[in-house]
Amino acid sequence: MSARSAIYTHGHHESVLRSHRWRTAANSAAYLLPHLRPGRSLLDVGCGPGTITADLATRLAPGVVVGIDPAPDVVAQAREAAAGAGDPAAVRFEVADVRTWDDDGRFDVVHAHQVLQHVADPVEVLRAMADRCSPGGLVAARDSDYSAFTWFPRLPELDRWLELYRTAARANGGEPDAGPRLVHWARQAGLTDVTASASTWCFAADADRRWWGGMWAERILSSALTRQLLDTGLSTQTELAEISAAWRRWAADTDGVFFVTHGEILCRVSA
């Protein structure tokens with residue numbers, strides 16, 4: 001692994017993309033919304049299937065919104081979804097890494113959701129994001145903190161799931177507990193005007209719990225994470241099946257609750 005890259009722990013199995021497509025500006029970028037105005041431009045870094053990107057575009061229209069991601073198949077899905085929404089001109093998707101993108105455009109807002117936890121050098125990525133930002137613009141980032149995930153009932157198999165995920169993510173060069181580190185990384189990147197906040201996804205309603213638990217029950221058996229855990233000997237097929245079954249037991253429990261905690265930063269780029 002080079003100093004500039006890391007392996008994307010989740011991969012792009014359908015169960016992963018299903019969770020990414022659930023994301024909207026409201027549930028994943030609420031901290032940013034008060035700072036958006038129609039006509040402003042935005043770059044969405046690591047946009048994935050583009051649901052947040054497209055949602056932000058509706059709030060910034062007629063501003064220019066571009067989503068970039070290094071995974072060609074996922075970018076193709078984002079383009080298809082945008083075209084299907086009936087206004088493909090509102091947002092553009094490109095296969096690119098913000099650190100090496102050859103476009104020379106600048107944007108009023110440069111945004112990344114759950115990206116910095118997956119890169120080998122988040123400081124370098126934040127510097128690249130700032131370089132893409134217009135003077136006086138905003139760099140915005142939101143990342144989860146796996147160490148702060150909590151749930152009820154506290155099934156031991158889910159404790160093991162969390163242990164395995166954090167081990168795998170770090171082996172891939174990432175930092176799964178990124179949320180509380182964002183301010184530190186931003187300042188290391190030379191950003192001095194930094195505002196921090198935090199927010200939480202809560203999966204407790206029956207439909208939400210079934211969706212979240214069912215998604216992870218499939219994901220632990222079928223995604224890139226599965227292959228890594230088995231290929232490296234960190235886990236076994238039997239153990240992963242037990243974890244999957246525990247996710248389904250948790251999802252079926254009407255008292256079940258799961259909190260996903262995120263850190264957020266807004267960084268004003270010097271004019």
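- Taking the six-membered ring where tryptophan is involved, the planes of His262 and Trp201 are perpendicular, since the angle between them exceeds 60° and thus also 30°.
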Handout entry: Residue pair Leu42, Phe107: steps toward the side-chain contact (heavy atoms from CB on, under 4.5 Å) verdict
Key = CA-CA 5 Å; Leu42 180 142; Phe107 299 83; 5.5 Å; no
Practice task
May I have the step-by-step check of salt bridge (charged side-chain N to carboxylate O under 4.0 Å, His left out) for Arg99 and Asp131, ending in yes or no?
Solution key: CA-CA 9 Å; Arg99 297 166 292 186; Asp131 287 344; over 6 Å; no
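- Panel note: side chain Thr236, backbone Glu239; a donor-acceptor pair is recorded below 3.5 Å.
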Exercise for the section: Could you please spell out the steps behind the side-chain contact (heavy atoms from CB on, under 4.5 Å) verdict for His12 and Leu17? Expected result: CA-CA 6 Å; His12 296 103; Leu17 295 179; 4.1 Å; yes
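- Arg79 is listed as a side-chain neighbour of Glu94, based on a closest heavy-atom distance under 4.5 Å.
- By the 4.5 Å heavy-atom criterion applied to side chains, Leu230 and Leu240 are counted as neighbours.
- The two residues His113 and Arg142 come nearest to each other via the heavy atoms NE2-NH1, 3.0 Å.
- Between Glu264 and Leu182 there is no side-chain heavy-atom pair separated by less than 4.5 Å.
- Contact annotation: the side chain of Val260 approaches that of Trp212 to within less than 4.5 Å [non-hydrogen atoms, C-beta and beyond].
- Contact record, Met129 with Val45: CG-CG2, 4.2 Å, taken as the closest heavy-atom pair.
- Proximity of a side-chain donor or acceptor of Thr167 to a complementary backbone N or O of Glu163 within less than 3.5 Å is detected.
- Hydrophobic clustering (ILVMFWY, side-chain heavy atoms < 4.5 Å, transitive): Tyr146 and Leu158 are in one cluster.
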Practice task
Just do the side chain to side chain donor-acceptor pair (under 3.5 Å) check on Gln117 and Ser144 with the steps written out, would you?
Solution key: CA-CA 8 Å; Gln117 64 185 281; Ser144 52; 3.2 Å; yes
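- Ring orientation note: the planes of Trp151 and Trp161 are nearly perpendicular, at an angle over 60° on the 30°/60° scale.
- A heavy-atom distance below 4.5 Å is found between the side chains of Leu56 and Ile52.
- Aromatic ring centres of Trp247 and Phe258: separated by under 6.0 Å.
- Of all the heavy atoms in Asp69 and Val75, the pair that sits closest is O-CG2, 3.5 Å.
- From Asp231, atom CG reaches atom OG1 of Thr226 across 10.0 Å, with rounding to the nearest 0.5 Å.
- Ring centroid separation for the pair Phe203 and Trp22 comes in under the 6.0 Å cut-off.
- Looking at Asp55 and Arg59, a side-chain N of the basic residue comes within less than 4.0 Å of a carboxylate O on the acidic one, giving a salt bridge.
- In this structure, Ile243 CD1 and Trp216 CH2 are separated by 10.5 Å, a value rounded to the nearest 0.5 Å.
- Within the 4.5 Å cutoff, the side chain of Ser199 has no heavy atoms near those of the Tyr31 side chain.
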Exercise for the section: Could you walk me through whether Thr9 and Asn172 pass side chain to side chain donor-acceptor pair (under 3.5 Å), step by step? Expected result: CA-CA 7 Å; Thr9 301; Asn172 288 336; 2.9 Å; yes
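- Under the 4.5 Å side-chain criterion, counting only non-hydrogen atoms from C-beta, Ser223 is not in contact with His10.
- The cluster map of Ile, Leu, Val, Met, Phe, Trp and Tyr, joined by side-chain heavy atoms under 4.5 Å apart, puts Leu229 and Ile7 in different clusters.
- Under a cutoff of 6.0 Å and an axis angle of 45°, Arg209 and Trp211 do not form a cation-pi pair.
- No donor-acceptor pair under 3.5 Å is formed between the side chain of Arg248 and the backbone N or O of Ala217.
- A distance of 5.0 Å separates CG in Leu164 from OG in Ser235, rounded to the nearest 0.5 Å.
- Arg227 and Ser222 get closest at one heavy-atom pair: NH1-O, 4.3 Å.
- For the pair Arg170 and Pro176, the tightest heavy-atom approach, listed with the atom from each and the gap, is CG-CD, 3.6 Å.
- There is no path of hydrophobic side-chain contacts, each under 4.5 Å, that joins Val115 to Val16.
- One N or O on the side chain of Arg106 and one on the backbone of Asp104 form a donor-acceptor pair closer than 3.5 Å.
- Two residues are said to be in side-chain contact when any heavy atoms from C-beta on lie closer than 4.5 Å; Leu138 and Asp108 fail this criterion.
- The cluster map of Ile, Leu, Val, Met, Phe, Trp and Tyr, joined by side-chain heavy atoms under 4.5 Å apart, puts Trp101 and Val139 in the same cluster.
- Note that CD1 of Ile68 is 10.0 Å distant from CZ of Arg92, once rounded to the nearest 0.5 Å.
- What you find for Glu175 and Arg181 is that their closest heavy atoms are CG-CD, 3.7 Å.
- Going from atom OG1 of Thr51 over to atom CG of Asp44 covers 9.0 Å, rounded to the nearest 0.5 Å.
- The CG atom of Leu116 sits 5.0 Å away from atom CG of Leu126, with the distance rounded to the nearest 0.5 Å.
- Hydrophobic clustering of Ile, Leu, Val, Met, Phe, Trp and Tyr side chains at less than 4.5 Å, counting indirect connections, keeps Val257 apart from Leu155.
- Checking side-chain atoms of Arg268 against main-chain N and O of Gly136 turns up a donor-acceptor pair under 3.5 Å.
- Note on Arg160 versus Glu242: no salt bridge recorded, every NZ/NE/NH1/NH2 to OD/OE distance being 4.0 Å or above.
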